[in-house]
> 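After the structure tokens below, expect a handful of questions from me.
Letters A, B, ... are given to chains in the order of the sequence lines, protein chains preceding strands, and every chain is numbered from 1. The basis for the numbers below is simple: all heavy atoms, side chains too, and nothing from hydrogens, waters or symmetry mates.
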Number of protein chains: 2
Amino acid sequence: MPAAKKTPKATVPVEMKRPATINDIARLAGVSKKTVSRIINHSPLVRQDTREKVETLMREVGYSPDPLARGLAFRRSFLIGMVYDNPTAQFIVNMQYGALDSLRGSGFELVVHPCDSRSPDYVDGVRRFVQQQKLHGVMLVPRVSEDPALAAMLDSIGMRYVRIAAVSMDRPERMVVTHDHDGAAEVADYLQSLGHRDIGLITGPRDYRSSIERTGGFLSALQKRGIELPKSRIVEAGYTFESGVAAAEKLLSGKKRPTAVFCGNDEMAAGVYRVAMREGISVPRELSVVGYDDSPLATRLWPPLTSVRRDTRDTGRIAAAMLIQPEDDLRPLASVRPHLILRDSCQPPG
Amino acid sequence: MPAAKKTPKATVPVEMKRPATINDIARLAGVSKKTVSRIINHSPLVRQDTREKVETLMREVGYSPDPLARGLAFRRSFLIGMVYDNPTAQFIVNMQYGALDSLRGSGFELVVHPCDSRSPDYVDGVRRFVQQQKLHGVMLVPRVSEDPALAAMLDSIGMRYVRIAAVSMDRPERMVVTHDHDGAAEVADYLQSLGHRDIGLITGPRDYRSSIERTGGFLSALQKRGIELPKSRIVEAGYTFESGVAAAEKLLSGKKRPTAVFCGNDEMAAGVYRVAMREGISVPRELSVVGYDDSPLATRLWPPLTSVRRDTRDTGRIAAAMLIQPEDDLRPLASVRPHLILRDSCQPPG
DNA sequence: CTGAAAGCGCTTACAG
DNA sequence: CTGAAAGCGCTTACAG
């Protein structure tokens, strides 16, 4: 005999071909769909026993509201965007894992959106993305997080966002600060305490906020301990391995070499290792090296690289959590602290 | 004076506060919304001049259809899911970039979903994810792509998917094959041609398809060239750096060492480097080493590591493209070929 | 080739 | 605390 076309009124069909809708729940529970809606949205305006009855029913039936329908009615999706330019793979992935830690079970999902911030119309590309998808909010990862034009655009269209950056540069509830200044200062203190006085510095690009902060933090901490680096000991590079190689060649070619080098990230530190290897300079006996990121690379290299750890997964977790909080609940500025991981790439100068 | 509440009939408002809807376009163009809908969905049942008129208007107004509304009506979202377990960061990121290459401009977006395939209810977690989000399709990345239970579940709920794996294990239109067998065979041929006869092999876990294929491809190619590896020359490891270190310690501790080692991936090859460094074994003079993946690590290590390149970005591109193709257009099985990148980690045995 | 009606599964005012 | 009506912006039958 033909199967029932309408769900029978009297029974609770735990297994249904067609997924349950708010109407099914309302009918089965004997309440209006508006009441079910209130429960879905955690409105306090529902009697406790009604709430419990309906919630039990939803669990039994395996009901979960359709994000498409809710999104249409709310005029806003349940998607969080992650916008980034070109950080290292490990950084991106850790940030994603962190964000997903916070999103799991919340009904929100993560949509990734890499872009090219050197392209003239990238801000417009991001605008189309967030506007068309009606995102609930966006995470801005360095270096796009540092772009005032991007933040201004998002603000102008009323799009919620959180910026992850080395220093605060927006309203507190829109910032996760990574304090790169302090991380670099810790390196300076460490190298000075080992006895190093002639120190080299390989920086990232001068227009990256992270690079500015790491450079500033390092130099000012050295200064506080009475060490002033001459210009010739500071070389700007591009955060890449290849640029690190080129910078190291410059820094290590003179007849008097520095006894230690701090690199703005691990990739460039790997470049220093490469040049040291080629030139027969022993790390750490003749040259101490410190990186920044504490990437997997740090432990793959020989000798294992002393580096500043940034808890990127934590950062992502915090940023996503801020985005899905109720808007009226203004949270204080969130931050995450870097700290130096000691390995075998440093020792007192010979 | 108060701004118009209704859009004036006579003019085309290029800039509107409220984004244009299908109704605005229909009214402005003097056609029904159904006709506009037909144009959005590329239906052939529209007169050419009507189509052009409406398309021009849509461009002028900056109209783009709301994916939430379309999704609700279609009962299917415009989201592609990417499900993966725990590959390396570079692999994940490249796969994402590739997928996004294909999705860009298509109206589809990429939602990432890492999971833990060792967890007993992970298949159920994926089911909830794809079902709740009403995904358009999912990309299954190794190693979850190899799980028959996951594929069966997706099939049972009618969810479209593409599996990326070392060999074909599903209907052709659901596979992107990476031919790891061939990549490993190329390594075997190369090492043999250099003159190596006593060769070590560090494999990934025996229950990974990629590992099975790489091991099989390597051994059978050696066999074809008359080389049979004794059991003692084959060590199973876990695709991680640490497991590579442990495997290398076993392989290199005996009094007669192999003259070359092939590792199932670069991470484990880095482990071999580590042990060789510690034991004072010179690579490549005393030991040739080959990896698989051609990850960034391969060029950071010293000496630069010879490794098999897999075009992961291409793989992601193909998989995503397959998912957003019209369903009636059955494409042949897609595949991507690995090839060996020669660097400085190999030479004829001393 | 084109259109009017009904519906997708929710929420927002507005009442009570 | 609860509900009936209207609407979010699209598409699917069903007609013509």
> Any non-hydrogen side-chain atom of A:Phe91 less than 4.5 Å from a side-chain atom of A:Asn86?
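No, too far: nothing below the 4.5 Å cut-off.
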> Under a 4.0 Å threshold between the charged nitrogen and the carboxylate oxygen, would A:Arg128 count as salt-bridged to A:Asp124?
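A salt bridge links A:Asp124 with A:Arg128.
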> In whole angstrom, what separates B:Arg70's CZ from D:dT12's C1'?
14 Å
> Between C:dC1, C:dC8, C:dC10, which one does the side chain of B:Leu45 approach most closely?
C:dC1
> For A:Tyr63, report the nucleic acid contact type (base, sugar-phosphate, nothing); a contact means any heavy atom under 4.0 Å.
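If one applies the 4.0 Å heavy-atom cut-off, A:Tyr63 turns out to touch the sugar-phosphate alone, with no base involved.
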> Could you tell me whether the side chain of A:Arg163 and the main chain of A:Tyr161 form a donor-acceptor pair under 3.5 Å?
no
> Is there a side-chain contact between A:Glu146 and A:Pro142, using heavy atoms and a 4.5 Å cut-off?
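Yes; the side chains approach each other to less than 4.5 Å.
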> By nearest nucleotide on DNA chain C, pick out whichever of B:Thr50 and A:Ala73 is the more 5' one.
B:Thr50
> Quick one: B:Arg27 CZ to D:dG9 C1', roughly how many Å, whole number?
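Result: 14 Å.
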> Consider the side chain of A:Ser32, meaning its heavy atoms from C-beta on, and name the nucleotide among C:dT11, D:dC10, D:dA4 that approaches it most closely.
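Closest nucleotide among those given: D:dA4.
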> I'd like to know if the side chain of A:Arg313 reaches the main chain of A:Asp311, judged simply by a donor and an acceptor atom lying under 3.5 Å from each other, with no hydrogens or angles considered.
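No; judged by distance alone, with no hydrogens or angles, the pair does not exist.
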> Map B:Gly30 and A:Ile22 onto DNA chain C by nearest heavy atom, then report which one ends up closer to the 5' terminus.
B:Gly30
> Quick check for you: among C:dG3, D:dT2, C:dT11, whose closest atom lies nearest to any side-chain atom of A:Phe74?
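Side chain of A:Phe74 sits closest to C:dT11.
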> Taking only side-chain nitrogens and oxygens of B:Ser37, does any of them come within less than 4.0 Å of OP1 or OP2 of D:dC10?
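False: B:Ser37 side-chain N/O out of range (4.0 Å or more) of D:dC10 OP1/OP2.
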> Counting side-chain heavy atoms from C-beta on, which of C:dC10, D:dA4, C:dG3 comes nearest to A:Lys34?
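Per side-chain heavy atoms of A:Lys34, the pick is D:dA4.
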> Check the distance between D:dT11's P and B:Leu72's CG and give it to me in whole angstrom.
11 Å
> By nearest atom, which of the nucleotides D:dC1, C:dT2, C:dT12 is closest to the A:Arg47 side chain?
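Of all the options, the side chain of A:Arg47 is nearest to D:dC1.
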> For D:dA13, which nucleotide in any strand shown is its Watson-Crick or wobble partner with both distances under 3.5 Å?
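WC or wobble partner does not exist here.
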> Rounded to whole Å, please give me the gap between CG in B:Asn23 and C1' in D:dG9.
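Taking atom C1' of D:dG9 as the reference, CG of B:Asn23 is at 7 Å.
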> Give the ring-plane orientation class for B:Phe108 versus B:Phe78, where under 30° counts as parallel, over 60° as perpendicular and anything between as tilted.
tilted
> Could you check which of C:dG3, D:dG3, C:dT11 has an atom nearest any side-chain atom of A:Arg38?
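For A:Arg38, the side-chain atoms sit closest to D:dG3.
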> What is the separation between atom CD on A:Gln132 and atom P on D:dG9, rounded to the nearest whole Å?
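Atom CD in A:Gln132 sits about 14 Å away from atom P in D:dG9.
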> What nucleotide, of C:dC10, D:dA13, D:dA4, holds the atom closest to the side chain of A:Asp66?
C:dC10
> Taking CD from A:Gln133 and P from D:dG9, how many angstroms apart are they, rounded to a whole number?
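So the CD-P distance, A:Gln133 to D:dG9, works out to 16 Å.
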> Just how far, in rounded Å, is P of D:dT11 from CD1 of B:Ile39?
11 Å
> Starting at atom CZ of B:Arg75, determine the distance to atom P of D:dC10, rounded to an integer number of angstrom.
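After rounding, the gap between these two atoms is 16 Å.
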> From the list D:dG9, C:dG3, C:dG9, which nucleotide is the closest neighbour of the side chain of B:Ala69?
D:dG9
